[in-house]
Visitor: 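Provided herewith is a single structure, encoded as structure tokens, for subsequent inquiry.
Positions are given from 1, in the same order as the sequence printed here.
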Amino acid sequence: MEKLSKAGFRLVGLRLEQKTSNKNNQSNLDCGNLWQKFEKENIIDLIPNRLGNEIYAVYFDYEKDEAAPFSYFIGCRVDDNVETPKNLNSLKIPSQKYQKVTARGVMTGCIIDAWNKIWNADIERKFGFDFEVYDERSENWDDAVVDIYVSIA
């Protein structure tokens with residue numbers, strides 16, 4: 001696990017309409033449904049002037065910690081001055097310090113395993129904006145690599 005700082009950036013994509021929670025695996029259902037909408041409706045093609053094809057899945061607006069409700073967003077990086085299409089949402093990720101964790105293996109199990117390790121690790125979490133980055137390394141679901149950035153104090 002590597003510690004690093006990242007400058008803020010802006011995303012355009014889809015935001016979960018209401019907060020979700022890890023209780024009773026509700027977030028797996030809610031976040032999974034948002035992913036299905038993102039893919040089924042080809043949302044990536046509706047995002048103007050993308051700065052790349054990486055897809056960001058963001059956990060934010062935590063009410064307390066990983067056991068409490070939080071918000072979820074899926075999108076791509078854009079310049080700050082790009083206009084957000086009417087049917088999409090925008091999210092600004094502030095400059096933060098992160099603990100970078102890399103998930104490897106079969107999707108989506110490797111992501112769940114990585115988060116379980118994060119929840120049980122001795123990481124001084126900030127519960128700010130945490131995100132996963134899906135790029136060309138995550139295209140093969142049988143052997144995926146996904147970087148997870150956990151906001152730290």
Side-chain angles (χ1 to χ4, degrees), residues 1-22 26-63 66 69-119 123 125-141 143-152:
M1 289 194 267
E2 165 189 4
K3 290 185 180 179
L4 55 110
S5 292
K6 286 182 91 51
F9 56 93
R10 183 168 165 244
L11 301 172
V12 168
L14 295 177
R15 179 178 178 154
L16 198 60
E17 289 184 21
Q18 72 288 334
K19 287 188 174 185
T20 189
S21 160
N22 289 317
Q26 187 63 45
S27 64
N28 289 350
L29 179 66
D30 293 339
C31 298
N33 287 340
L34 193 66
W35 270 106
Q36 286 181 4
K37 179 180 170 95
F38 189 88
E39 292 175 4
K40 187 176 174 186
E41 297 180 16
N42 291 317
I43 299 299
I44 194 168
D45 293 335
L46 303 177
I47 299 171
N49 303 311
R50 288 190 319 270
L51 296 178
N53 290 320
E54 298 85 8
I55 298 172
Y56 291 73
V58 186
Y59 306 82
F60 65 105
D61 196 19
Y62 291 92
E63 289 185 8
E66 69 271 0
F70 59 89
S71 296
Y72 187 71
F73 185 97
I74 302 170
C76 297
R77 281 182 79 157
V78 296
D79 277 327
D80 284 341
N81 59 357
V82 168
E83 192 171 319
T84 304
K86 287 183 179 161
N87 55 339
L88 299 181
N89 305 104
S90 177
L91 182 67
K92 179 74 172 155
I93 309 296
S95 298
Q96 296 182 127
K97 292 180 186 171
Y98 295 96
Q99 182 93 33
K100 180 180 166 187
V101 177
T102 302
R104 300 175 194 274
V106 178
M107 291 284 277
T108 58
C110 67
I111 302 299
I112 293 167
D113 291 346
W115 277 107
N116 281 324
K117 287 177 186 168
I118 290 165
W119 295 337
I123 299 173
R125 292 189 61 193
K126 182 178 177 184
F127 294 99
F129 291 76
D130 303 328
F131 58 88
E132 302 157 354
V133 180
Y134 296 86
D135 56 23
E136 65 279 350
R137 300 171 305 151
S138 60
E139 290 174 3
N140 177 357
W141 275 42
D143 186 24
V145 177
V146 177
D147 291 326
I148 302 173
Y149 294 84
V150 180
S151 59
I152 57 174

Visitor: Rounded to the nearest 0.5 Å, what separation is found between the CG atom of Leu34 and the CD atom of Glu39?
Guide: 10.5 Å
Visitor: Can you name the residues that form a ring pair (Phe, Tyr, Trp, His ring centres under 6.0 Å) with Tyr59, not counting sequence neighbours?
Guide: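 Only Phe70, Tyr72, Trp115 meet the ring pair (Phe, Tyr, Trp, His ring centres under 6.0 Å) criterion with Tyr59.
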Visitor: Rounded to the nearest 0.5 Å, what separates atom CD in Glu2 from atom CD in Gln99?
Guide: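 Result: 9.0 Å between the selected atoms.
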Visitor: Is the shortest heavy-atom distance from the side chain of Phe129 to the side chain of Phe73 under 4.5 Å?
Guide: no
Visitor: Quick one, Phe131 with Phe60, criterion ring pair (Phe, Tyr, Trp, His ring centres under 6.0 Å). Give me CA distance, side-chain angles, the key distance, then yes/no.
Guide: CA-CA 9 Å; Phe131 58 88; Phe60 65 105; over 10 Å; no
Visitor: Inspect the surroundings of NZ in Lys92 and state if more than 12 heavy atoms from other residues, nucleotides or ligands are less than 6.0 Å away.
Guide: yes
Visitor: Evaluate the side-chain proximity of Val101 to Lys117: yes if any heavy-atom separation is below 4.5 Å, no if none is.
Guide: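 Side chain of Lys117 against side chain of Val101, heavy atoms only: no contact under 4.5 Å found.
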Visitor: Can you name the residues that form a side chain to side chain contact (heavy atoms under 4.5 Å, CB included) with Val106, not counting sequence neighbours?
Guide: none
Visitor: Kindly write out the residues that satisfy salt bridge (charged side-chain N to carboxylate O under 4.0 Å, His left out) with Glu66, not counting sequence neighbours, or none if the list is empty.
Guide: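 For Glu66, the residues satisfying salt bridge (charged side-chain N to carboxylate O under 4.0 Å, His left out) (neighbours in sequence not counted) are Arg125.
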Visitor: Taking the six-membered ring of Phe9 (Phe, Tyr or Trp), confirm whether the NZ or CZ of Arg77 is under 6.0 Å from its centre and within 45° of its axis.
Guide: yes
Visitor: Taking C-beta and beyond as the side chain, do Met107 and Tyr134 meet within less than 4.5 Å on heavy atoms?
Guide: yes
Visitor: Just to verify, what does Phe127 make a ring pair (Phe, Tyr, Trp, His ring centres under 6.0 Å) with, not counting sequence neighbours?
Guide: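 In terms of ring pair (Phe, Tyr, Trp, His ring centres under 6.0 Å), with neighbours along the sequence ignored, Phe127 is linked to Tyr62.
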Visitor: Are Ser138 and Arg104 linked by a side-chain donor-acceptor pair shorter than 3.5 Å?
Guide: no
Visitor: How long is the gap from CD on Glu41 to CG on Leu88, to the nearest 0.5 Å?
Guide: 9.5 Å
Visitor: Charged N to carboxylate O below 4.0 Å: is that the case for Asp61 and Lys19?
Guide: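 Counted as a salt bridge, because a side-chain N and a carboxylate O are separated by less than 4.0 Å.
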Visitor: How close do Thr84 and Ser90 get, counting heavy atoms only, and between which atoms?
Guide: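 In this case the closest contact between Thr84 and Ser90 is OG1-CB, 3.4 Å.
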Visitor: In terms of side-chain heavy atoms, does Tyr56 have a donor or acceptor partner in Glu54 at a distance below 3.5 Å?
Guide: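 Looking only at side-chain atoms, Glu54 and Tyr56 do not form any donor-acceptor pair under 3.5 Å.
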Visitor: May I ask you to decide if Asn89's main-chain N or O and Arg15's side chain share a donor-acceptor pair within less than 3.5 Å?
Guide: no
Visitor: If we only count heavy atoms from C-beta on, is the Leu91 to Arg10 side-chain gap below 4.5 Å?
Guide: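 A side-chain contact under 4.5 Å is absent here.
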Visitor: Could you measure the distance from the CG atom of Asn28 to the CG atom of Asn33? Nearest 0.5 Å is fine.
Guide: 10.5 Å
Visitor: In residues 43-50, what donor-acceptor pairs under 3.5 Å come from side-chain atoms, sequence neighbours left out?
Guide:
from, atom 1, to, atom 2, distance (Å)
Arg50, NE, Gly52, O, 3.4
Arg50, NH1, Ile44, O, 2.6
Arg50, NH2, Asn53, OD1, 2.8

Visitor: Enumerate donor-acceptor pairs with a distance under 3.5 Å from any side-chain N or O in residues 143-151 to protein atoms, sequence neighbours excluded.
Guide:
from, atom 1, to, atom 2, distance (Å)
Asp147, OD1, Thr102, OG1, 2.9
Asp147, OD2, Arg137, NH2, 2.6
Ser151, OG, Gly128, N, 2.9
Ser151, OG, Asp130, OD1, 2.8

Visitor: Determine the minimum heavy-atom distance between Thr20 and Cys31, stating which atoms define it.
Guide: CG2-SG, 4.3 Å
Visitor: Surrounding CD of Glu17 (heavy atoms of other residues, nucleotides or ligands, distance under 6.0 Å), is the total greater than 12?
Guide: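 Counting other residues, nucleotides and ligands, CD of Glu17 stays at 12 neighbours or fewer.
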Visitor: Please answer whether the main-chain N or O of Gly8 pairs with a side-chain N or O of Ser95 as donor and acceptor at a distance below 3.5 Å.
Guide: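 Side chain of Ser95 to backbone of Gly8, a donor-acceptor pair under 3.5 Å: yes, one is there.
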Visitor: Under 3.5 Å, is there a donor on one side chain and an acceptor on the other for Gln26 and Asp30?
Guide: yes
Visitor: Report, as yes or no, whether the 6.0 Å neighbourhood of atom CD on Gln18 holds more than 12 heavy atoms from other residues, nucleotides or ligands.
Guide: yes
Visitor: Using a cut-off of 6.0 Å, state whether more than 12 heavy atoms not belonging to Lys97 lie near its atom NZ.
Guide: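 Count not over threshold, so no.
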Visitor: Taking all non-hydrogen atoms of both residues into account, name the closest pair between Val12 and Pro85 and its distance.
Guide: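 Closest pair (atom of Val12, atom of Pro85, distance): CG1-CD, 4.1 Å.
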